[in-house]
Amino acid sequence: MTIKAYATQSATTPLAPFEIERRAVGPHDVQIDILFCGVCHSDLHQARNEWGNTQYPCVPGHEIVGRVTAVGDHVRKFAVGDVAAVGCMVDSCQHCPACDEGLEQYCENGFTLTYNGNMAGQGENTLGGYSQRIVVTEGFVLKVSHSEDQLAAVAPLLCAGITTYSPLKHWGAGPGKKIGIVGIGGLGHMGVKLAKMLGAHVVAFTTSPGKKEAALALGADEVVVSKNEDEMAAHANSFDMILDTVAASHNLDAFVALLHRDGTLVLVGAPEHPHPSPQVFGLMMGRKSIAGSAIGSIAETQEMLDLCARHNVVSDVEMIGIQDIETAYDRLARGDVRYRFVIDNQTLAA
Ligand code: NAP
Ligand code: ZN
């Protein structure tokens, strides 16, 4: 069936109205009419081909919340009328060691991205949530138990939430742990909320002095302006883990210096240009690590959504109509958003 979407046709053309086809609902498929879609910095990176792998036309969007409007004969978890969500993945091979362990995001044959991805054997360019509807196999659809009036603010949990929750859990964020969150944007503001929810002592690092009060309001115990050397030095050798969400290349040594012995700097930001190489001595002295982490598994995403519903945790959002997407991208590139743009997908009908 043909539906309305917004697509970009090249790295230098703006997003514009575009019609796309969605597949017919197969026996294991869930059809979702999209209510809200968050705007991730990854959408901007890919729309503008900053990672060099974008297939066009590109319909971004991987923070999707909507209502189920059809299900296949074999679908058991969802019924028409349910609220459902889709994140960054819509499929994986289901037979490699990573998939067997329930870690689809590390699928050894490559999971299928919700947009700018390849469907196994079909070679097609998947198209994402800046659209009216999506059809996804049941195993990659999430349940949402937040209240109906929170659904726009739930959408960013599907990427910003899980991408910060997964490493926080993996590296043991919790009571008695000192955790840093670097970059208070879409991912970072969720990192602060989720690290706090898990019981850690949370320090927010920002390049924007104007975000200091706001970061405390998000739940940070302390805020450091990372350009201020004295404020940075006061935290030397003290962190168990620092989660770096910054969308641009920067000096990592300044954060390695703040790790305690055996501490880990976890990179989730995916900048267009590489970070300068860190100093080896900074890592050796204190047996420190630099690691990376990609989104999170379907089971872990469900766990995070359920936990956030119980603790009444959602994203802080600024609603936009799809017609405002280019302005939103320009503001995102300047770091001018508190903290996530979310598209009201009803505006696609206009
Ligand atoms: P965002 O909302 O733009 O936030 C990034 C934050 O980084 C900014 O708010 C800013 O915070 C800080 N920053 C400092 N210097 C910057 C600069 N020169 N340019 C841009 N930001 C700067 O982005 P996001 O949606 O949170 O995404 C962050 C990064 O994570 C992106 O690269 C995205 O592609 C990546 N990502 C990775 C995964 C994964 O699986 N690993 C998943 C999703 C997204 P302050 O003002 O507080 O300094
Ligand atoms: Zn994302």
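Counting starts at 1 for both ligands and their atoms, in listed order. For this chain, numbers begin at 1 and follow the sequence in order. Predicted model only: the values in this text are computed from it and were never measured.
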For Leu157 and Met304, what are the C-alpha separation, side-chain angles and deciding distance, and is it a side chain to side chain contact (heavy atoms under 4.5 Å, CB included)? CA-CA 8 Å; Leu157 300 183; Met304 178 271 312; 4.0 Å; yes
Salt bridge (Lys or Arg N to Asp or Glu O under 4.0 Å) between Glu326 and Arg331: does it pass, once the steps are laid out? CA-CA 9 Å; Glu326 283 292 326; Arg331 286 182 52 197; over 6 Å; no
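We find the NZ-OG1 distance between Lys227 and Thr207 to be 5.0 Å, quoted to the nearest 0.5 Å. Atom CD1 in Ile325 sits 9.5 Å away from atom OG1 in Thr347 (nearest 0.5 Å).
Note: Phe205 and Phe239 meet the aromatic proximity criterion, with ring centroids under 6.0 Å apart.
Relative orientation of the His275 and His250 rings is perpendicular, given thresholds of 30° and 60° on the angle between their planes.
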Identify all N/O pairs between ligand 1 and the protein with a separation under 3.5 Å and present them as a table of atom names and distances.
residue  : atom   : partner : partner atom : Å
ligand 1 : 2 (O)  : Gly186  : N            : 2.8
ligand 1 : 3 (O)  : His41   : ND1          : 2.6
ligand 1 : 9 (O)  : Lys211  : NZ           : 3.3
ligand 1 : 11 (O) : Ile184  : N            : 3.2
ligand 1 : 23 (O) : His41   : ND1          : 3.4
ligand 1 : 25 (O) : His41   : N            : 3.0
ligand 1 : 25 (O) : Arg340  : NH1          : 2.6
ligand 1 : 26 (O) : Gly186  : N            : 3.3
ligand 1 : 26 (O) : Leu187  : N            : 2.7
ligand 1 : 32 (O) : His45   : NE2          : 2.8
ligand 1 : 32 (O) : Ala270  : N            : 2.9
ligand 1 : 34 (O) : Ser42   : OG           : 2.8
ligand 1 : 34 (O) : His45   : NE2          : 3.3
ligand 1 : 40 (O) : Ile295  : N            : 2.8
ligand 1 : 41 (N) : Val268  : O            : 3.0
ligand 1 : 41 (N) : Ser293  : O            : 3.0
ligand 1 : 46 (O) : Ser208  : OG           : 2.5
ligand 1 : 46 (O) : Lys211  : NZ           : 2.7
ligand 1 : 47 (O) : Ile184  : N            : 2.8
ligand 1 : 47 (O) : Thr206  : OG1          : 2.6
ligand 1 : 48 (O) : Thr207  : N            : 2.8
ligand 1 : 48 (O) : Thr207  : OG1          : 2.6

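The environment of CD in Gln279 is sparse: at most 12 heavy-atom neighbours from other residues, nucleotides or ligands sit within 6.0 Å.
When the side chains of ILVMFWY residues are joined at heavy-atom separations under 4.5 Å, either directly or via intervening members, Phe140 and Leu305 end up in a single hydrophobic cluster.
Ion pairing of Asp221 with Lys196 is present here, as a side-chain N (NZ or NE/NH1/NH2) and a carboxylate O approach within less than 4.0 Å.
Around the Zn ion (ligand 2), protein atoms of type N, O or S found under 2.8 Å number 3.
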